[in-house]
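A short worksheet on the structure shown next.
Throughout, protein chains are lettered first and strands after them, A, B, ... in sequence-line order, and every chain is numbered starting at 1.
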Amino acid sequence: MKPRIILGLLMAVLILLPTLIFAQETKLGGEFWGRFTNETAKYKDANGKYVDKTSKNYFALDRGYLDLRTKFSESTSARFTVDIFSTDATYEYLQYSSTDQAMPIDSLSSSTKKSSVDGAGLKLKYAFVDFANLLPVPDMTLSAGLQKVYFGTIYDWDYTLIGKDPVDEYKLANSADYGLSLNGFLPQGYGEYALGIYNGEGYKKFGSNLKENTEFAYLGNIRFTPIAGVTLGGSYMVNTVEAEKALSGDTINKKYEEQNLMAGVLRLAYGPVDFWAEYLSKDVTFPNESSTSKDYTATGLMLMPIVKLKDYVGYDVQVIGRLDQWDESDNASNKNYLTAITGGLNYNFLHDESFVPKMQLQLNYTTKQYDEKKSAASFADGVKDTSTLMLQLKWRFSSTIK
Amino acid sequence: MKKYIALITLLLVCLAAFAQKGGQITSSGSTTVLPIAQAAAEAFMDKNPGINISVRGGGSGVGIAALQNGTVDIALSSRPMKSKEISACKSKGINPVAYAVANDGIAIVVHKNNPISNLTVNQIRDIYTGKIKNWNQLGGANLPIVIISRDVASGTFEVFNEKALKGAKVDGTAQMLASNNAIVTTVTSTPGAIGYVGLGYVTKEINVIPVENIIPSEATVKAGTYKLSRKLYMYTNGTAKGNSYRFIGFLQGADGQKIVKSQGFISLD
């Protein structure tokens with residue numbers, strides 16, 4: 001047996017055994033997304049002219065979660081979730097190399113590479129422990145470990161549409177990261193809050209992909225619900241990318257960037273209508289650059305109305321619309337202004353006793369268009385515009401195993 | 001042009017018609033409140049033939065989640081809602097309003113042949129956390145204690161945990177059962193068993209043990225001298241209206257409170 005498999009098995013046993021022995025209650029849950037994707041994009045034909053071609057046409061298990069939730073006592077619980085996916089998608093990673101064999105760290109440079117995920121992948125999504133009542137503040141929890149990042153809508157995004165949350169989509173923050181957070185609820189249901197300190201790199205990076213990790217990301221989040229159906233929220237996070245200086249020799253790293261990230265959230269819910277709006281701001285500076293030409297601010301806006309039709313058609317059907325505008329035209333290295341429109345239809349079925357659907361069939365159609373005038377020349381003539389049709393079946397289960 | 005299509009799509013989605021539900025009342029939740037709700041629903045429907053009330057169990061958490069999802073008119077709960085649940089409801093446009101419908105005491109029950117005549121709250125906690133393992137440590141027979149508890153999703157468990165266990169972890173040997181009836185059945189057939197149930201579930205086949213020398217009764221529960229007292233609730237979205245208002249009003253009124261007593265629970269007045 002390969003050492004990595006043995007190590008994996010050993011880790012699983014080390015995590016699962018104490019969980020099962022000491023738990024007051026343990027729930028095993030899962031969620032799987034089987035998806036058909038058909039995307040049309042612009043590609044050159046034999047004459048060098050851009051024409052619409054089918055760029056993606058495939059079935060895949062785009063996401064799968066296996067989730068172990070353990071309650072050790074009324075005040076201590078834990079969650080362990082792995083993210084399983086099987087797709088032919090590619091992902092990007094940073095590859096590091098050095099030219100000076102004697103002092104490799106001083107000559108370290110990185111480049112972005114693309115790699116194919118062959119068949120299947122596995123990521124650790126959550127592994128955290130919640131300690132309630134640790135501090136004398138009602139309804140406050142200290143979470144420690146690989147946990148949710150309480151920024152904007154990313155931490156309670158339930159994929160009513162197939163697409164990602166805007167914070168995730170436009171790469172402001174990751175949905176999970178390693179760290180500590182104090183999170184809780186305001187009295188009388190007036191809302192929730194979170195303060196967090198994270199690595200700042202998210203849960204997807206590992207090993208050599210990690211930066212020299214000496215600076216944390218700091219986060220504050222508040223959601224306020226003054227009256228039922230009206231929620232206002234705001235998040236602020238400061239983060240850095242890469243190391244400011246090489247650890248040895250204090251060589252300045254010009255790729256070091258500071259990020260000020262903000263999100264404003266509005267949610268209006270009344271009867272069958274649930275309306276979400278989110279405003280995003282990403283302010284990036286490169287303090288080690290001699291000029292400020294690389295500094296930029298990107299902003300985004302999402303509007304998403306959801307309407308439940310169950311009371312009118314008898315079936316648990318939802319109609320969803322989404323309009324995104326992402327303005328990164330201030331970024332000299334990736335100048336673009338995107339408008340994305342999605343229309344969606346959900347059919348929820350096989351509900352549990354609380355009317356939470358165990359299965360959901362989703363149909364989405366998304367068009368993405370880049371504004372020619374506000375985007376770089378490489379976006380001209382709609383060459384990077386796409387339209388995507390997705391049909392997805394999600395199924396969930398949850399069972400108390402102890 | 002595509003921007004206009006997007007705007008029209010958004011408007012169409014937003015302009016979906018609003019409609020009122022029909023004359024049916026749906027409720028679900030606490031298995032403790034269940035017999036009160038069922039008996040009250042039968043009496044109310046007898047007096048109001050045009051109204052149909054459906055009542056289901058599942059546990060307080062299930063009822064509250066159903067109210068949150070907008071799929072029941074009334075959630076039955078044997079505990080107050082938590083801030084987390086209220087917050088989740090309010091953000092979805094659901095404004096939970098609590099109506100107390102009965103008083104209850106969580107009765108500590110043992111097998112009918114068990115001679116134990118009193119337990120303190122600390123002793124109960126020590127039993128449920130596994131520190132006391134045999135009845136002879138409490139002056140009883142040389143008999144291992146069999147711990148019977150409700151599952152952790154139960155409202156009764158949460159109140160018991162708060163008032164008796166003070167948040168301590170239930171011993172790993174405990175049997176976690178899904179209903180009051182299951183507790184009664186198991187304690188009835190297990191000589192060393194100890195369990196806890198809402199007063200309405202107490203039968204002659206089991207012994208109710210005084211806590212701190214106080215037996216759960218109408219007087220001690222209403223006065224709050226019985227340590228494991230609580231109220232039972234019905235929650236609606238906003239102030240109850242229409243048939244829900246009439247049904248809850250009926251249950252809180254004189255006829256409804258007679259039903260509460262007939263089910264073994266304690267009236268509000």
Item to check | Exceeds 12 heavy-atom contacts within 6.0 angstrom, atom NZ of A:Lys27 | outcome: no
Item to check | Neighbour count >12 (heavy atoms, 6.0 Å) for atom CD, A:Glu372 | outcome: yes
Checklist entry - Does CZ in B:Arg125 sit with more than 12 non-hydrogen atoms of other residues, nucleotides or ligands closer than 6.0 Å? => result yes
Checklist outcome for this item: Rounding to 0.5 Å, atoms CZ (A:Phe224) and NZ (B:Lys90) come to a distance of 8.0 Å
Checklist entry - When rounded to the nearest 0.5 angstrom, what is the spacing between OG1 in B:Thr26 and CZ in A:Phe355? => result 10.5 Å
Item to check | B:Lys92/A:Arg267 under side chain to side chain contact (heavy atoms under 4.5 Å, CB included): CA gap, chis, key distance, verdict | outcome: CA-CA 9 Å; B:Lys92 287 185 171 184; A:Arg267 184 181 184 186; 3.6 Å; yes
Checklist outcome for this item: B:Ser91 and A:Thr225 have their tightest heavy-atom pair at N-CG2, 4.2 Å
Next on the checklist: Restricting to non-hydrogen atoms, name the atom on B:Lys169 and the atom on A:Phe72 that form the minimum distance, rounded to 0.1 Å.
Outcome noted: CG-O, 2.8 Å
Checklist entry - Given that the side chain runs from C-beta out, which part of A:Leu186 has a heavy atom under 4.5 Å from chain B: side chain, backbone, both or neither? => result backbone
Item to check | Heavy-atom side-chain contact between B:Asn69 and A:Val356 under 4.5 Å | outcome: yes
Next on the checklist: Please check if the number of heavy atoms outside B:Tyr245 that lie under 6.0 Å from its OH is greater than 12.
Outcome noted: no
Next on the checklist: If we define contacts as heavy-atom pairs under 4.5 Å, which of B:Val62, B:Val170, B:Asn95 has the most with chain A?
Outcome noted: B:Val62
Checklist entry - Looking at A:Phe185, does the NZ or CZ of B:Lys82 lie under 6.0 angstrom from its six-membered ring centre and within 45 degrees of the ring axis? => result no
Next on the checklist: I need the B:Asn161 CG to A:Ser73 OG distance, nearest 0.5 Å.
Outcome noted: 8.0 Å
Checklist entry - Got a sec: does the NZ of B:Lys131 have more than 12 other heavy atoms crowding it under 6.0 Å? => result no
